[in-house]
Amino acid sequence: MQTKVSHSPVQLLEEPVLAPFGVTVYLKRDDLLHPEVSGNKWRKLKHNLTEAAAQGKDTILTFGGAYSNHIHATAAAGRLFGFKTVGIIRGEETLPPNSTLEFARDCGMRLLYVDRATYANKYQWEFLESLSDHFGDFYLLPEGGTNALAVKGCAEIVPEIDVDFQCICCCCGTGGTLAGLVASLAPHQRALGFSVLKGGDFLAGEVKQVLKAYRNAFEGMPFVSSSFQIIKDYHFGGYAKTSPELYQFIRTFEQRHGILLDQVYTGKMLAGLYDMIQKGHFKAGQTIVVVHTGGAQGRNREWEEGT
Ligand SMILES: *Cc1c(COP(=O)(O)O)cnc(C)c1O
């Protein structure tokens, strides 16, 4: 099975509003890795699919909300690499399905909707047993796709970057991507994770826990620094909440650079980073790399069409 990705480019962001602050910002274009399995989801799935095949599993089962980029990516990857896929979706089925779930279904993903209480206890043995009674044997991918193999995939981002930097940024849902960045930093580098959730207090603990799992699973991996920080000030009201200012930022960014951002993840991170730079958070002379984790499928289409 061929799941090796080609390196994504690193691109200088020329930004007049940031020029007075003397920092250099690059964008690591993981959004260009694949048209359907975008960004960090590709990184997180890659080694998991190889492992599933090695275990002789032909079905991938995973969990997510109705707009989940992870559900979308898993469905697409399943179709690409010949796995059956099952998506356990939080909440009631709504008809017609939204474009994320319609795409997943078109990829052949079987969808099961479960109420919020069941979803909250989704990793309990009895529930998983009932799922394997119904769907047969499967390879289980946690919500958001975050596990030690996902960290391994995301740990491949930093070695691809051929400019020296002091700080690297990504957005955080589960923190798996951030953990991968932290796993391969040099001692003079630090990582910032922008929480897209209100109440991202749990994230630092999650990142440490999944880093530990990664280290245990892949002993002999290089030095793991703990030099990361969760930025909690730019969730814009909470997960998937937006504001006119956020949309304005995304629109301006797109017009200037021709690069799409989404309103759930990368738009919030970049708006947050620009604000921090303008508030003097970074010393002049520093170089910052921002990982564009993809997510274009989750863009608000009504807004995109200008309605
Ligand atoms: C899923 C997703 C994230 C969150 O990644 P985690 O590893 O769960 O923190 C960030 N950006 C985009 C575009 C995503 O789709």
Side-chain angles (χ1 to χ4, degrees), residues 8 27-48 62-77 87 100 103-104 141-158 168-184 191-197 199-211 213-214 228-232 234-236 239-240 242 246 250 253 259-273 290-300:
S8 71
L27 205 54
K28 169 73 169 152
R29 299 290 310 276
D30 267 17
D31 56 315
L32 300 178
L33 283 175
H34 194 276
E36 287 179 338
V37 190
S38 97
N40 66 339
K41 300 304 186 282
W42 179 278
R43 303 269 184 190
K44 294 169 89 172
L45 280 164
K46 179 180 151 189
H47 294 296
N48 275 294
T62 195
F63 306 89
Y67 294 89
S68 164
N69 290 344
H70 168 64
I71 289 290
H72 186 278
T74 304
T100 303
F103 173 87
L141 260 185
E143 183 175 38
T146 291
N147 59 14
L149 285 166
V151 174
K152 185 180 178 193
C154 294
E156 293 166 5
I157 296 173
V158 167
I168 188 162
C169 303
C170 71
C171 26
C172 289
T174 65
T177 305
L178 179 62
L181 299 180
V182 173
S184 44
L192 298 183
F194 288 77
S195 174
V196 302
L197 316 152
D201 291 331
F202 73 97
L203 274 167
E206 289 285 306
V207 170
K208 285 183 188 148
Q209 205 173 331
V210 75
L211 264 174
Y214 165 75
F228 73 91
Q229 192 188 342
I230 307 290
I231 306 297
K232 298 171 198 160
Y234 300 102
H235 55 68
F236 289 80
Y239 183 73
T242 61
L246 177 63
I250 291 173
F253 189 92
I259 298 171
L260 300 185
L261 304 176
D262 76 295
Q263 75 284 355
V264 180
Y265 291 104
T266 56
K268 290 185 179 180
M269 164 181 62
L270 277 154
L273 178 66
V290 181
V291 182
H292 191 320
T293 42
Q297 82 86 18
R299 280 166 56 89
N300 180 341

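Remember, it's 1-based here, ligands and their atoms both numbered in the order they're listed.
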Note every protein N or O atom lying under 3.5 Å from an N or O atom of ligand 1, pairing the names and giving the distance.
from     : atom 1 : to   : atom 2 : distance (Å)
ligand 1 : 5 (O)  : N40  : ND2    : 2.9
ligand 1 : 7 (O)  : K44  : NZ     : 2.6
ligand 1 : 7 (O)  : G176 : N      : 3.3
ligand 1 : 7 (O)  : T177 : N      : 2.9
ligand 1 : 7 (O)  : T177 : OG1    : 2.7
ligand 1 : 8 (O)  : K44  : NZ     : 3.2
ligand 1 : 8 (O)  : T174 : N      : 2.8
ligand 1 : 8 (O)  : T174 : OG1    : 2.6
ligand 1 : 9 (O)  : G173 : N      : 2.8
ligand 1 : 9 (O)  : T174 : N      : 3.2
ligand 1 : 9 (O)  : G175 : N      : 2.8
ligand 1 : 11 (N) : T293 : OG1    : 2.7
ligand 1 : 15 (O) : K41  : NZ     : 2.7
ligand 1 : 15 (O) : N69  : ND2    : 2.7

Donor-acceptor pair between N40 and T293 side chains, under 3.5 angstrom: no
Among all residues two or more places apart in sequence or in another chain, which pass the ring pair (Phe, Tyr, Trp, His ring centres under 6.0 Å) test with Y234? none
With sequence neighbours excluded, tell me which residues meet ring pair (Phe, Tyr, Trp, His ring centres under 6.0 Å) with F63. Y123
I'd like to check the ring pair (Phe, Tyr, Trp, His ring centres under 6.0 Å) partners of H292; sequence neighbours left out, ordered by chain and number. none
A150 versus G145, closest heavy-atom pair with distance: CB-O, 3.1 Å
For Y67, is the OH atom crowded, meaning more than 12 foreign heavy atoms sit under 6.0 Å from it? no
